[in-house]
Amino acid sequence: MLKWLAVGLLLLLALLQYRLWFGASGVYELEEIRERVVQLDTANKPLRDRNARLAAEVVDLKTGLDAIEERARSDIGMVRTDEQFYWVPGVASGAGDTHSGGSGQ
């Protein structure tokens, strides 16, 4: 009788070990999930950096006029009243080349 109890307990232990290593929510699946988390974290890092830059730009735009002036100059080509603007045909401006999108031609 004791022999059968020991065999039964060993079988139960083997079944539990199998489920721990190979079953659903087992160790292998946990390792796959950890690898996926690392991959997603790596993919999200540039997005987090971009969000931080955008948040800093929003704060700068809300608090300072320098950022607004810089955006107006680079995006729509604004010029102050005490400045003179010279346009030379055939020469591309440096500010317009850095932005994505079409060149307007």
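All values derive from a computational prediction rather than experimental measurement.
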Listing request: all side chain to side chain donor-acceptor pair (under 3.5 Å) pairs with a residue in residues 38-49, at least two apart in sequence or in separate chains. Asp41-Arg48, Lys45-Asp49
Distance (rounded to the nearest 0.5 Å) between Leu12 CG and Leu5 CG: 10.5 Å
Quick check for you: to the nearest 0.5 Å, what is the distance between Arg50 atom CZ and Leu54 atom CG? 5.0 Å
Shared hydrophobic cluster, Met1 / Val7 (ILVMFWY, side-chain heavy atoms < 4.5 Å): no
Between the CG atom in Leu10 and the CG atom in Leu15, the distance rounded to the nearest 0.5 Å is 12.5 Å
Side chains of Arg34 and Leu30: does their closest heavy-atom pair fall under 4.5 Å? yes
Residues in side chain to side chain donor-acceptor pair (under 3.5 Å) contact with Glu29, at least two apart in sequence or another chain: none
